[in-house]
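To start, the structure itself, in structure tokens.
On a predicted model such as this, the values are computed, not experimentally measured, just so you know. Just so it is clear, the values below take in all heavy atoms, side chains as well, and ignore hydrogens, waters and symmetry mates.
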Amino acid sequence: MDRFFAWAPAGLEQRWQALLARADEEPVPAPEAGARYDRTQLQALAYLKLRPGPARWGELTAAITAAEAGDASGFALSSSQPYPGIPGGGVKECLDFPRAGTQRELARTVKRLRAIAPNTGAAFPLAWHLPLTCAGWPAPVSNPPAPMPRTLPPLLGAGTWQDYGATSRVAGQIPGSRTIRY
């Protein structure tokens, strides 16, 4: 989102945040999709619109502008799929990431994520789908995130424009490691 707003017309980030606040009060209609989108749904759909890369960012700009005027249809993935799915999700991460055990914990997590990242909030895929998908999972988290062992040899990490940040953070934990951007 930071790269998108750096590219976007001046003021779009503030307009986006105003749209999200409005969607908190009343979901924005998306008549072509037969849906209404609240804050989290708009954020999740915006994330999915950004994933193909900068060549499609104009679509998100247009969707925000139309939603400000009362029609959020531009956020729908398609008329047959008006609501966001779980990109790359499912249960494969349920043993890897901490998850809320109660509704109260989930509400606290959502509030914290909205404060940390007002443009994406709790809509980022790992934040919004894990609490729901993994709720009540019968096995405990057995592979939680942790610092990399210091005994590893140097790593060479390669990351695309989408995952370079995460790749370099991992490689940066191992002395002597390097990262290339592809």
Exercise. What are the two closest non-hydrogen atoms of Pro144 and Ser142, and how far apart are they?
Worked result: CD-C, 3.4 Å

Exercise. At their closest point, which heavy atom of Phe4 faces which heavy atom of Trp57, and how far apart are they?
Worked result: CE1-O, 3.6 Å

Exercise. With distance as the sole criterion, is a donor-acceptor pair present between the side chains of Arg15 and Thr65 under 3.5 Å?
Worked result: yes

Exercise. Is there a chain of hydrophobic side chains (I, L, V, M, F, W, Y, each step under 4.5 Å between heavy atoms) that links Leu48 to Trp7?
Worked result: yes

Seminar exercise, completed: CG (Leu19) and CZ (Phe75) are apart, to the nearest 0.5 Å, by 6.0 Å

Exercise. With no hydrogens and no angle check, is any side-chain donor or acceptor of Lys49 less than 3.5 Å from a backbone partner on Gly74?
Worked result: yes

Exercise. Taking atom types as modelled and ignoring hydrogens, do the side chains of Thr40 and Arg114 form a donor-acceptor contact shorter than 3.5 angstrom?
Worked result: yes

For this session: Flag yes if Tyr164 and Tyr47 sit in one hydrophobic cluster, no otherwise; membership is Ile, Leu, Val, Met, Phe, Trp, Tyr, and two members link when side-chain heavy atoms are under 4.5 Å apart.
Result: no

Exercise. Which atom pair, heavy atoms only, marks the closest approach of Ala46 to Leu60?
Worked result: CB-CD1, 3.8 Å

Seminar exercise, completed: Rounded to the nearest 0.5 angstrom, the CE-CD1 distance for Met148 and Ile174 is 4.5 Å

Exercise. Hey, are Asp71 and Ser73 close enough side-chain-wise for a donor-acceptor pair under 3.5 Å?
Worked result: yes

Seminar exercise, completed: Grouping ILVMFWY residues whenever side-chain heavy atoms fall under 4.5 Å, the cluster of Ile180 otherwise contains Leu156

Exercise. Strictly by modelled atom types, are Gln43 and Asn119 linked by a side-chain donor-acceptor pair under 3.5 Å?
Worked result: no

Problem set entry | Side-chain heavy atoms of Thr61 within contact of Trp16, under 4.5 Å | no

For this session: Looking only at non-hydrogen atoms, find the nearest pair between Pro175 and Gln173 and report the distance.
Result: CD-O, 3.7 Å

Seminar exercise, completed: Rounding to 0.5 Å, atoms OG (Ser168) and CZ (Arg178) come to a distance of 12.5 Å

Problem set entry | Counterpart residues, side-chain contact (heavy atoms from CB on, under 4.5 Å), relative to Ala10 (two or more places apart) | none

Exercise. Tell me, which pairs form a salt bridge (Lys or Arg N to Asp or Glu O under 4.0 Å) where one or both residues lie in residues 165-175, sequence neighbours left out?
Worked result: none

Exercise. Taking only residues two or more places apart in sequence, or in another chain, which ones meet Pro154 in a side-chain contact (heavy atoms from CB on, under 4.5 Å)?
Worked result: Ser177

Problem set entry | side-chain contact (heavy atoms from CB on, under 4.5 Å) partners for Pro138, two or more places apart | none

Exercise. Less than 4.5 Å apart, any side-chain heavy atom of Asp96 and any of Val141?
Worked result: no

Exercise. Rounded to the nearest 0.5 Å, how far does CG of Asn143 lie from CG of Leu95?
Worked result: 8.0 Å

Contacts table for residues 21-30: side-chain donor-acceptor under 3.5 angstrom, sequence neighbours left out:
unit_1, atom_1, unit_2, atom_2, d
Arg22, NH1, Glu68, O, 3.1
Arg22, NH2, Ala67, O, 3.0
Asp24, OD1, Arg39, NE, 3.3
Asp24, OD2, Arg39, NE, 2.9
Asp24, OD2, Arg39, NH2, 2.9
Glu26, OE2, Arg36, NH2, 3.3

Exercise. Would a 4.5 Å heavy-atom cut-off, applied to side chains only, mark Leu12 and Phe5 as touching?
Worked result: yes

